[in-house]
There are 4 protein chains.
Amino acid sequence: MKNNSIRSKAPAISTGRRRNDRSHQAILKAAMELLTEVGYRGVTIEGIAARAGVGKQTIYRWWPSRAAVVMEASVRAAADSAPDPDTGTLETDLQKFLAGSFVSLQGTAGQVLRGMVAEAQLDAEFRTQFVETFIMTRRAGLVQILRRARKRKELSQDVDPELLVDMIYGAKWSRLLFGHAPLDIHMVSQMVRIITKLR
Amino acid sequence: MKNNSIRSKAPAISTGRRRNDRSHQAILKAAMELLTEVGYRGVTIEGIAARAGVGKQTIYRWWPSRAAVVMEASVRAAADSAPDPDTGTLETDLQKFLAGSFVSLQGTAGQVLRGMVAEAQLDAEFRTQFVETFIMTRRAGLVQILRRARKRKELSQDVDPELLVDMIYGAKWSRLLFGHAPLDIHMVSQMVRIITKLR
Amino acid sequence: MKNNSIRSKAPAISTGRRRNDRSHQAILKAAMELLTEVGYRGVTIEGIAARAGVGKQTIYRWWPSRAAVVMEASVRAAADSAPDPDTGTLETDLQKFLAGSFVSLQGTAGQVLRGMVAEAQLDAEFRTQFVETFIMTRRAGLVQILRRARKRKELSQDVDPELLVDMIYGAKWSRLLFGHAPLDIHMVSQMVRIITKLR
Amino acid sequence: MKNNSIRSKAPAISTGRRRNDRSHQAILKAAMELLTEVGYRGVTIEGIAARAGVGKQTIYRWWPSRAAVVMEASVRAAADSAPDPDTGTLETDLQKFLAGSFVSLQGTAGQVLRGMVAEAQLDAEFRTQFVETFIMTRRAGLVQILRRARKRKELSQDVDPELLVDMIYGAKWSRLLFGHAPLDIHMVSQMVRIITKLR
DNA sequence: GACTAACCGAGACGGTACGTCCCGTCTTAAG
DNA sequence: CTTAAGACGGGACGTACCGTCTCGGTTAGTC
């Protein structure tokens, strides 16, 4: 993640006092702390401002909503390797990729993501940002793996990689959002078994 | 849906005035109207009460949260056929089932569901109710179809039907929640093609 | 002062929970205390609410502005005898009336009045209320005295009592508002001497 | 009014760029415009700065408060003849003097003065400046007229001219601030009639 | 048929957070 | 060194709703 300022508004063009990076960092730090302490619903702009020792206006100046602050804070937290393993076979590629992607959702990260999905359903503008920033970038890695497999004939030409990605990630999101079944290694293995049948 | 009061608290034990069904109906009607007019975020207890011509307490007496009211209202709206087609082949069963299930999400119904998913991420108790009421019942129909197909050897014994359901519905939820691709008939056909390969 | 609720909005007509008099009193008390402690400029709705242990909305529900609260609190504080002495001669009537009216402005009461005059210049609606409640009622007593004197031929028929009241009270207001000269007994005596010349 | 900068702080001592008179003028102009457009309460430092195309600091550098800017702007607007008529008789002197002084308060000038009186009640430092600049200078002319009349025996030696000025101007301020009666020519005539009785 | 507990509408209450306005100070780059 | 621009910490605004708590009035069942 090169540009660490996901959703900050466009900065003013030229003159005037510059953005205070100390405040910027303090806000993100406060947001992250509150997130883990009281959960997404408990995070408020006033709370962030108070903890960061910052005026509310300073937050509103740079982010359009509570969710945007949280999103930037989360991105910062998730150093976000996005590995793209290329082992030569679909099976091992998938196993590696999904294992890494799924287990990280067990703890706080999963809770934060759930909060952001919620926000995305309630705020159209945020949804756009969230999908671009989080969803599409994660999909890209998986699409790579599937395309390579298709070239190697490990995957039928009939199969639309985009749709298959929706199915794979969709299963993950389902279990994360609804909690009706665990997001574990066993699930990954089962899913790999299913996908490797599609040759 | 026999009991039309999904989440209503336990009724009073013995004597005294009984629940006023007129108010009950007015509340659900008002909730549904507000939902379509101002969206889930704009629905408030005070708004429902005002529109229904009802005291706020009357709502709090019978439902634990805004989301619970909305959920009951939605269930009422979605007469909820849940067809369970049994045509003899996996392909046609799936095609019928999914087509019906997907297209209904294009309009208001989809928006309402998105709001409820959001709420489910923010309120643990509601999540439980929502998953039981909405998610598990929908899954059941699909699981039936897949189990029949497995018996007919149209589906490999290797494939865990539960996981496959997660993948199928997960793709639907992904597209509904993130909006990165359409939820249409073409998607259904493609998905059927993929699943029928898993024999 | 019969009706102790000078500027309270019209109460709701019939149903619903009634106004809580404890809160009403606590608000007026808090306002008065803050007034003497930090001065008119330092009185804020938030401050009153916090000190009274009351929600801000409860204040906004019953008074249209900070000034209105302060005015009601002041009226309450100023038990406001409004003596109307009738000694038989203009000179002694005036001396008594004005002495009582002027010395009371030396302390906090004067400061509070100054704050209300300020507010009256900045808020048209408040000005109307203030003038009706404070200004006109005070004038009435003095007008009585002058009219009696006119009947007794102690005051020329040429002299417009209303205008003379403006001059007498105007001198008081001038010195209160601008502070260029003291509001004391000597001033009262001098003024009585001037007025008794107008026979 | 020689020095048109009533309340400007001491200018910079020696080196460096000198005060920019263009900005000075623009600030006063903007202040006056805002005053007439939105009223005293609506005038803000930020508003003046924005309209004048000037940094806020530039205003704070030269004036101590919003009220000081407005006062200087007003002084500038009121070219302020202050005539001091000397016709030979108290009656005509007074008539001329007061007529000129009263009618000018009918329009915007009166509103502006009311705003400044308000500010003077809320800010002690401003009150001092305001009284020195506005109140005392206006009183001076009237005191002159009364002193001359006293010498000519048109006014009793008993009458304290300072107090009489308070009564005359006080009547004016009363009607301006409280609006309970008009500030017109008729009032002037009536008042002249009263004062000329004091011989 | 009278009693009475529970319901009902209305809406006041203490409270939290919102998003905005403006304050007076501070920082920057340009002149 | 001053200026225009404008970010900063802060305080208060007036509003929206929350979930709870009275009110007076109304049912609907049991005695």
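Any value given below was found using the heavy atoms of this structure, including those in side chains, with hydrogens, waters and symmetry copies removed. Numbers restart at 1 for each chain; the letters A, B, ... are given by sequence-line order, proteins then strands.
Between C/Asn20 and A/Lys56, the residue whose closest nucleotide on DNA chain E is further toward the 5' end is C/Asn20. Along DNA chain F, the nucleotide nearest C/Arg66 and the nucleotide nearest B/Arg66 are compared for position; the residue whose nucleotide lies closer to the 5' end is C/Arg66. When each of C/Thr58 and C/Arg17 is assigned the nucleotide of DNA chain E with its nearest heavy atom, C/Arg17 is the one assigned upstream, toward the 5' end. Across the interface with DNA chain F, nearest-nucleotide mapping of D/Ala50 and A/Ala52 shows D/Ala50 to be the residue nearer the 5′ end.
For DNA chain F, the neighbouring residues in residues 30-46 of chain C, judged by any heavy atom under 4.0 Å, are C/Thr44, C/Ile45, C/Glu46.
Following rounding to the nearest Å, D/Ile59 (CD1) and F/dA5 (C1') show an atom-to-atom distance of 13 Å. For the pair A/Arg51 CZ and E/dA17 P, the computed distance is 13 Å after rounding to whole Å. We find that NE2 of D/His24 is positioned 11 Å from P of F/dT3, with the value rounded to whole Å. The OH-P distance, from B/Tyr60 to F/dT22, rounds to 17 Å in whole Å. The distance from atom CD1 of B/Ile27 to atom P of E/dG9 is 7 Å, rounded to the nearest whole Å. What separates CD1 of C/Ile48 from P of E/dG14 is a distance of 14 Å, to the nearest Å. Note: CD (B/Gln57) to C1' (E/dA12) measures 13 Å, nearest angstrom. Atom-to-atom, CD of D/Gln25 to P of F/dT3 comes out at 14 Å; the value is rounded to the nearest Å.
Proximity of C/Trp62 to the phosphate of E/dG11: no side-chain N or O atom is located under 4.0 Å from OP1 or OP2. Remark: D/Arg61 is not in phosphate contact with F/dT2, judged by side-chain N or O atoms under 4.0 Å from OP1 or OP2. A sub-4.0 Å separation between OP1 or OP2 of F/dG9 and a side-chain N or O of A/Ser23 is present.
Salt bridge status for D/Glu119 with D/Arg114: absent, with no side-chain N to carboxylate O gap under 4.0 Å.
Annotation: cation-pi geometry satisfied between A/Arg66 and A/Tyr40 (NZ/CZ under 6.0 angstrom from ring centroid, within 45° of ring axis). Both tests hold for A/Arg19 against A/Trp63: distance to the six-membered ring centre under 6.0 Å, angle to the ring axis within 45°.
For A/Arg41, the CZ atom counts as densely surrounded, since its 6.0 Å shell holds more than 12 non-hydrogen atoms of other residues, nucleotides or ligands.
Minimum interatomic distance between B/Arg127 and B/Ala120 (heavy atoms only, all atoms of both residues): CB-O, 3.3 Å. For the residue pair A/Ala26 and A/Ala52, the shortest heavy atom distance occurs at O-CB, 3.6 Å.
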Before giving the answer on salt bridge (Lys or Arg N to Asp or Glu O under 4.0 Å), spell out for D/Arg51 and D/Glu46 the whole-Å C-alpha distance, their side-chain angles and the decisive distance to 0.1 Å. CA-CA 9 Å; D/Arg51 174 167 306 216; D/Glu46 301 213 329; over 6 Å; no

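B/Gly53 comes within contact range of the sugar-phosphate backbone alone, with a heavy-atom separation under 4.0 Å but no base atom that close.
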